[in-house]
Amino acid sequence: MLELRGLRVTYGATVAVNTIDLDVPAGQATALLGANGAGKTSTLRAISRLIPSEGKILFDGEEVTRLAPETLASRGLIHVPEGRHVFSALTVHENLQVGQTARSGRTTIFDLADVYELFPPLVPLRKRLGWALSGGEQQMVAIGRALMSAPRLLMLDEPSLGLAPVVVQAVYAALARVKSQMPILLVEQNAAVALSLCDRGYVLLSGDIALQGSAADLSDRDAMLDSYLGHGADEPEPSTT
Ligand code: ATP
């Protein structure tokens, strides 16, 4: 569904992504793992054409490397960025409705009722404004809004970041249901949670793919994975949002 061939991202003299190949097959969830600064967000932003890159990007077999971000979104390549970006002055319901406007005639798999069913904590919060939501609620709204736009491929940047374990569990339970309906490219630092959802994974290390394989393979190589992900000293503190 998505193929990267020789994707390279630089910021001046900094090489963020060093000429990588990556595939997201239809019908599967693919994880892109790596420590802070490994190049994960830059890869997603390059795929969405939010930043310039070298190399080729193919979406559903067609080269999209030169398309504008809004054109790609209208073709169904939908990106949920890190930090959630919920509209603070809109209610939960209005935020979800905004997603509908990016459907471009595609038939949706998830309508409003499905999104509320996927994220039950949002039901009593329909009228709450975006700014008054917790981090976990914002993440649910951001994913729900993306689903409302009928993605053909869903890209998620660190959906577990800063969330309490119980909220991470709720978000990933929902993503497990989403996965049966559309391919996913998931960026995470939290390898365990990502590999519990995904079929395959890639591990970025300073812009290079250091390791790739099935989720089972990668989970078995626990110690190696830990060293690539820099776990230990700089493990983020769990938050309670
Ligand atoms: P994180 O999990 O911390 O977001 P990441 O794996 O997503 O990390 P990127 O944000 O893609 O990594 O960053 C890759 C490299 O590019 C890092 O060295 C980072 O400092 C650098 N970088 C990212 N954005 C910019 C920018 N706008 N200008 C200059 N350098 C940048």
Side-chain angles (χ1 to χ4, degrees), residues 2-24 29-57 65 68-69 72 77-86 135-136 138-139 142-143 146 153-165 167-168 171-172 175 184-198 200-213 215 218 221 224-239 241:
L2 180 74
E3 298 160 71
L4 307 184
R5 294 294 172 262
L7 187 87
R8 181 177 171 88
V9 179
T10 53
Y11 302 101
T14 305
V15 179
V17 181
N18 191 15
T19 322
I20 63 166
D21 291 349
L22 183 150
D23 290 298
V24 180
T30 302
L32 182 58
L33 309 171
N36 269 333
K40 308 177 300 296
T41 295
S42 298
T43 303
L44 284 200
R45 290 175 61 81
I47 295 169
S48 291
R49 309 313 304 143
L50 296 168
I51 54 171
S53 59
E54 297 164 48
K56 276 191 186 175
I57 301 166
T65 318
L72 258 180
L77 200 158
I78 305 295
H79 184 168
V80 182
E82 188 179 325
R84 294 133 202 174
H85 301 287
V86 163
Q138 286 181 31
Q139 187 60 267
I143 296 172
L153 173 78
L154 184 64
M155 300 201 301
L156 301 148
D157 198 349
E158 304 237 20
S160 76
L161 192 70
L163 303 184
V167 183
V168 173
V171 167
Y172 270 79
L175 290 177
I184 292 177
L185 175 58
L186 171 72
V187 157
E188 268 289 359
Q189 271 191 54
N190 185 339
V193 80
L195 294 175
S196 70
L197 175 81
C198 291
R200 287 187 62 74
Y202 293 81
V203 181
L204 272 181
L205 179 69
S206 304
D208 288 302
I209 291 176
L211 207 57
Q212 60 178 295
L218 292 177
R221 292 149 92 180
M224 196 187 284
L225 198 57
D226 266 8
S227 70
Y228 286 130
L229 298 178
H231 281 177
D234 62 350
E235 186 104 48
E237 288 291 315
S239 120
T241 50

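When a ligand or atom number is given, it counts from 1 through the structure's own listing order. Along the sequence shown, residues carry numbers from 1.
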Which parts of the protein, at residue level, reach under 4.0 Å of ligand 1 through a heavy atom? Y11, A16, A35, N36, G37, A38, G39, K40, T41, S42, E82, E158, Q189
Which pairs count as side chain to side chain donor-acceptor pair (under 3.5 Å) when at least one residue sits in residues 45-54, sequence neighbours excluded? S48-H79, R49-S53
L33 vs L195 side-chain heavy atoms within contact, under 4.5 Å: yes
For E188 and L156, run side chain to side chain contact (heavy atoms under 4.5 Å, CB included): C-alpha distance rounded to whole Å, both residues' side-chain angles, the deciding distance at 0.1 Å, then the answer. CA-CA 9 Å; E188 268 289 359; L156 301 148; over 6 Å; no
Do the charged groups of R5 and D23 touch, with an N to O distance under 4.0 Å? yes
Spell out, as yes or no, whether a donor-acceptor pair under 3.5 Å connects the side chain of Q138 to the backbone of V86. no
Using the side-chain contact (heavy atoms from CB on, under 4.5 Å) definition, which of the options V9, L204, L32 pairs with I20? L204
